[in-house]
Amino acid sequence: MALKNQLKKTKNLFFISCFFLLISGCKMSYSFNGASVPPQAKTISIQYFPNYAPLAGPTLSQLFTEELKNYFSQQTHLTLINKGGDLNFEGSITGFSTQPLAIKPGDVSALTRLTITVQVKYASKFDKSKNFEASFSRFADYNSSQQLAAVENDLITQINKQLAEDIFNKALNNW
């Protein structure tokens with residue numbers, strides 16, 4: 001009986017060893033965010049996005065550019081460099097506007113919508129079929145009884161995260 005148990009343990013150890021040898025010889029690339037980064041890509045560059053929207057505050061360009069850099073840094077293994085990355089993003093902020101929503105009796109707006117639009121040009125050194133130029137817009141609503149200045153920073157943070165996610169998905173998830 002002891003010999004039978006010893007053979008069973010040896011057999012199990014053999015199969016486990018074979019399994020680990022098999023997977024260690026294979027290069028596996030996976031991600032939980034579904035990103036499809038070209039395997040040879042090592043670097044990414046994200047240029048400063050200047051603001052051409054007349055109503056936007058002076059910090060919007062910096063806030064958006066930093067959010068985009070942070071998002072890609074968190075979601076990929078790529079090293080962020082200033083220029084000439086294997087993947088490159090550039091563009092500008094082209095829209096920043098508010099509009100009333102949900103008109104209530106007395107022609108008064110209950111909600112106001114802040115919309116930010118960015119124009120993005122993406123270029124990959126390794127997969128030119130994925131290159132694009134596109135416009136992305138996102139919005140957030142706020143209570144019209146509040147002044148925009150009081151909620152603007154929170155809304156911009158929220159919208160910038162959504163824009164960064166949309167740009168990431170378009171570039172690396174084919175959405």
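Predicted model, so just to flag it, every value in this text is computed and none were measured.
Between F126 and P38, the closest heavy-atom pair is CB-CB, 4.1 Å. Counting all heavy atoms, side chain and backbone alike, S36 lies closest to N173 at N-OD1, 4.1 Å. In terms of heavy-atom proximity, P50 sits nearest to G91 at CD-O, 3.1 Å. Between Q47 and T65, the shortest heavy-atom contact is O-CG2, 3.8 Å. Counting all heavy atoms, side chain and backbone alike, E133 lies closest to K121 at CG-CG, 3.6 Å.
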Steps toward side-chain contact (heavy atoms from CB on, under 4.5 Å) verdict (I116, L163): CA-CA 9 Å; I116 299 175; L163 287 168; 4.0 Å; yes
Go through the steps to decide whether F96 and I159 satisfy the test side-chain contact (heavy atoms from CB on, under 4.5 Å), and finish with yes or no. CA-CA 11 Å; F96 183 95; I159 294 169; over 6 Å; no
Evaluate side-chain contact (heavy atoms from CB on, under 4.5 Å) for L87 paired with L172, printing each intermediate quantity in order. CA-CA 10 Å; L87 308 180; L172 300 180; 4.1 Å; yes
Are T157 and L63 close enough, and set up right, to give a side-chain contact (heavy atoms from CB on, under 4.5 Å), and what steps lead you there? CA-CA 8 Å; T157 299; L63 293 171; over 6 Å; no
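For K161, the NZ atom sits in a loose shell: 12 or fewer heavy atoms of surrounding residues, nucleotides or ligands are nearer than 6.0 Å. Heavy-atom neighbours of Q147 CD from other residues, nucleotides or ligands within 6.0 Å: at or below the threshold of 12.
A distance of 10.0 Å separates CD of Q146 from CG of L111, quoted to the nearest 0.5 Å. Interatomic distance, S137 OG to D166 CG, rounded to the nearest 0.5 Å: 9.5 Å. Rounded to the nearest 0.5 angstrom, T76 OG1 and K42 NZ are separated by 11.5 Å. How far CD of E165 is from CD of E67: 10.5 Å, rounded to the nearest 0.5 Å. With rounding to the nearest 0.5 Å, the separation of CD in E90 from OG in S45 is 8.0 Å. One distance of note links CD of E152 with OH of Y142; it measures 8.5 Å at 0.5 Å rounding.
Under the ring pair (Phe, Tyr, Trp, His ring centres under 6.0 Å) criterion, the residue pairs touching residues 55-84 are F49-F64, Y71-F168, F72-F89, F72-F168, with sequence neighbours excluded.
Two residues are said to be in side-chain contact when any heavy atoms from C-beta on lie closer than 4.5 Å; N131 and S124 meet this criterion. The side-chain heavy atoms of I167 and L68, taken from C-beta on, include a pair separated by under 4.5 Å. Residues I93 and Y52 fail the side-chain proximity criterion, which asks for heavy atoms closer than 4.5 Å. For the pair Q162 and F136, the minimum side-chain heavy-atom distance is 4.5 Å or more.
At distances below 3.5 Å, not a single donor-acceptor pair connects side-chain atoms of N51 with backbone N or O atoms of L60. The main-chain N or O of T94 is never found under 3.5 Å from a side-chain atom of T117 such that the two would form a donor-acceptor pair. One N or O on the side chain of D86 and one on the backbone of T43 form a donor-acceptor pair closer than 3.5 Å. With hydrogens and angles ignored, the 3.5 Å screen pairs no side-chain donor or acceptor of N88 with any backbone N or O of G84.
There is no side-chain donor-acceptor pair under 3.5 Å between N160 and Q158. Looking only at atom types and distance, the side chain of T112 has no donor-acceptor partner in the side chain of T98 under 3.5 Å away.
Remark: K170 qualifies as a cation-pi partner of F132 under the 6.0 Å distance and 45° angle criteria applied to the six-membered ring.
No single ILVMFWY cluster, assembled from side-chain heavy atoms under 4.5 Å apart, contains both Y48 and I46.
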